[in-house]
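Not measured: the values here are computed from a predicted model. We number each residue from 1, following the sequence as shown.
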Amino acid sequence: MMGLGAMLGTGIFVSIGLGAGLAGPAVLLALAVAAAVALANGLASAQLAAAHPVSGGTYEYGYVYLSPAAGFTAGWVFLIAKSASAATAALGFAGYLLHAVGFGPAYLVPVALGAVALLTALVLTGIRRSSTANAAIVSVTLLSLLYFVLAGLPSIDASRFAPFFAAGAGAPAGDANARSALGAFLEATALTFVAYTGYARIATLGEEVREPRKTIPRAIIATVALVMVLYLAVAAVGIGVAGSDGLRAATDTESATLAVVAQRFGVPGAPFVLAAGAITAMLSVLLNLILGLSRVVLAMARRGDLFRVLGRLDERRTTPYWAVLAVGAVIAALVTIGNVRTTWSFSAFAVLIYYALTNLSALRLPAEQRLFPRWVAVFGFLACLGLAFWVERRVWLVGLGLVIVGLVWHAIARRRAQPSP
């Protein structure tokens, strides 16, 4: 349930539309390939968590197994990836809410900014979500998605799945941004991969389960497999009912892909059921990302990798006040982009670089600490590094620029921290 709670969120409600708009029906294959990459990364994370059971993920693993620069890069791109994911969640929440109440996309950014402000204020109070609340939220999301699949099955038109591979699928005629079938497929794989990335949450539970060396890998495999089946079912219904063009249009114009598709089912209340599941899931994602990102900022500030002021706690010594405010401000700035494809693509590039470093760290584990063959981490590393550069060129160029800016800052900060001779 913890793994499902971490995975079922923005991805299934947004990225399937983005992927189908790029690769057409081949997004089904892209989802399967992305699941294989996610599984390799999840197993690498499990090995590292078992060998080095501390919080911080690849930020810590990079410092221990690679170098301080690699550790900092992992933390830096994690902040970029999850901030962009949070902005996508806010925009997705706004899209589904506005669609449910009958308002147009003109209010998308203001409503999303309101959600970021409200949840940032909530995190400042120190409120944490319990496992019981997680189970309740997962149940609502699962029920809404199962309802989508079952209600949509009678409306599927098999002709919408042909041709399976299509160059520039979903792109308007004459669009200069249309890509080859292979390029579109690889970009769709990169974007749908992000929808699986909650598996790392499972790897952090090593101290709270029995026999973690067995339980954690089994939980990761089971969760990724279950989520893949669910994603494939939802994507198949979406394409079979609305077609690739319909999914792309729903994602681009309203950011409420599945609710727009559900209108075609002819089932009373179907769009509202989907909207309820999406709103619940994405508010939960946004809340947890603000909470988690602020703690990463706190850890990096205490080490000197970010401004020291971000490492201060409030008067009760429970909440990193300035870190929470900084995270909220960055997410709000990304929300003003107002385009879920752009924010999700930034997240995809950064998170793929992050997990490339995860796999590279796993390759440095001593033989006695490995749980799986080296080829698993090699496959994960090559797949992540390769897919990262199949997102839009402007996205990965800006992403690389941000990585370079971060490394320059890190070098200056480390030099200043060194004692004078």
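- A side-chain donor-acceptor contact under 3.5 Å links Tyr96 to the backbone of Phe13.
- Here the CD1-CG distance, from Ile221 to Leu43, works out to 5.5 Å after rounding to the nearest 0.5 Å.
- Of the candidates Ile331, Thr197, Val77, Thr197 is the only one forming a side chain to side chain contact (heavy atoms under 4.5 Å, CB included) with Lys82.
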May I have the step-by-step check of side-chain contact (heavy atoms from CB on, under 4.5 Å) for Val234 and Leu258, ending in yes or no? CA-CA 9 Å; Val234 170; Leu258 301 188; 3.9 Å; yes
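- Heavy atoms only, all atoms of each residue included: Met228 and Leu31 are closest at CG-O, 4.4 Å.
- Across Ser15, Ser85, Ser83, a single residue satisfies side-chain hydrogen bond (donor to acceptor under 3.5 Å, both in side chains) together with Ser347, and that is Ser85.
- Ring to ring, Phe78 and Tyr59 are not that close: their centroids are 6.0 angstrom or more apart.
- In this structure, the side chain of Thr73 engages the main chain of Ala69 through a donor-acceptor pair within 3.5 Å.
- Aromatic ring centres of Phe148 and Phe265: separated by under 6.0 Å.
- Residues Ile290 and Leu122 have side chains not in contact (no heavy-atom distance under 4.5 Å, counting atoms from C-beta outward).
- Note: Leu124 CG to Leu325 CG = 5.0 Å, rounded to the nearest 0.5 Å.
- Here the CG atom belonging to Leu28 is positioned 5.0 Å from the CZ atom belonging to Phe164, to the nearest 0.5 angstrom.
- Counting heavy atoms from C-beta outward, Val327 and Val297 have side chains that approach closer than 4.5 Å.
- The shortest heavy-atom contact between Ile12 and Tyr231 is CD1-CD1, 3.2 Å.
- Judged by distance alone, with hydrogens and angles left aside, the side-chain atoms of Arg374 form a donor-acceptor pair with the main-chain N or O of Leu363 at under 3.5 Å.
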Please determine whether side-chain contact (heavy atoms from CB on, under 4.5 Å) holds for the pair Val285 and Phe93, giving the CA-CA distance in whole Å, both sets of side-chain angles, and the decisive distance to 0.1 Å. CA-CA 10 Å; Val285 167; Phe93 157 77; over 6 Å; no
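- Listed by first then second residue, pairs satisfying ring-ring contact (aromatic ring centres under 6.0 Å, His included) with a partner in residues 16-36 number zero, not counting sequence neighbours.
- Residue Val261 comes nearest to Gly238 through the heavy atom pair CG1-CA, 4.2 Å, listed as atom of the first residue, atom of the second, then distance.
- Panel note: side chain Asp305, backbone Ala301; no donor-acceptor pair is recorded below 3.5 Å.
- Rounding to the nearest 0.5 Å places CG of Asn288 at 10.0 Å from CG of Leu119.
- A donor-acceptor contact closer than 3.5 angstrom is absent between the side chains of Thr88 and Thr10.
- Between the side chains of Asn41 and Tyr354, no donor-acceptor pair of N or O atoms lies under 3.5 Å.
- A cation-pi geometry, defined here as NZ or CZ lying under 6.0 Å from the six-membered ring centre and within 45° of its normal, does not hold between Arg364 and Tyr61.
- For the pair Arg160 (side chain) and Val241 (backbone), a donor-acceptor distance under 3.5 Å is present.
- Few gaps surround CZ on Phe161; more than 12 heavy atoms of other groups in view lie less than 6.0 Å from it.
- Nearest heavy-atom pair across Val37 and Ala383 is CG2-CB, 3.7 Å.
- Only one option out of Phe346, Phe349, Trp344 pairs with Val391 in a side chain to side chain contact (heavy atoms under 4.5 Å, CB included); it is Phe349.
- The closest side-chain donor-acceptor pair between Arg394 and Thr342 falls under 3.5 angstrom.
- With a 4.5 Å cut-off on side-chain heavy atoms, Leu146 and Val149 do not count as touching.
- Nearest heavy atoms, Thr120 versus Gly328: OG1-CA, 3.7 Å.
- Side-chain rings of Phe193 and Trp390 stay apart, their centers remaining 6.0 Å or farther from each other.
- Checked by atom type and distance alone, the side chain of Arg370 pairs as donor or acceptor with a backbone atom of Leu365 at under 3.5 Å.
- Taking CG of Leu8 as the reference point, atom CE of Met282 lies at 12.0 Å (rounded to 0.5 Å).
- Side-chain contact check for Trp76 versus Leu306: some heavy-atom pair is nearer than 4.5 Å.
- We find the OG1-CG distance between Thr58 and Leu48 to be 7.0 Å, quoted to the nearest 0.5 Å.
- For Tyr321, the OH atom sits in a loose shell: 12 or fewer heavy atoms of surrounding residues, nucleotides or ligands are nearer than 6.0 Å.
- Side-chain contact between Leu97 and Val111 is present, with heavy atoms from C-beta onward closer than 4.5 Å.
- Crowding of Phe379 atom CZ: a count of heavy atoms from other residues, nucleotides or ligands under 6.0 Å exceeding 12.
- With hydrogens and angles ignored, the 3.5 Å screen pairs a side-chain donor or acceptor of Gln47 with a backbone N or O of Phe372.
- In this structure, the side chain of Thr223 does not engage the main chain of Ile220 through any donor-acceptor pair within 3.5 Å.
- In the model, Thr358 has no side-chain atom that pairs as donor or acceptor with a side-chain atom of Ser45 under 3.5 Å.
- Under the 4.5 Å side-chain criterion, counting only non-hydrogen atoms from C-beta, Leu385 is not in contact with Leu352.
- Smallest separation of non-hydrogen atoms from Leu191 and Ala348: CD2-CB, 3.9 Å.
- For Trp322, the CH2 atom sits in a loose shell: 12 or fewer heavy atoms of surrounding residues, nucleotides or ligands are nearer than 6.0 Å.
- Taking the side chain as every heavy atom from C-beta outward, Met300 and Arg295 never approach each other to under 4.5 Å.
- You'll find the side chain of Arg341 reaches within 4.5 Å of the side chain of Leu22, heavy atoms only.
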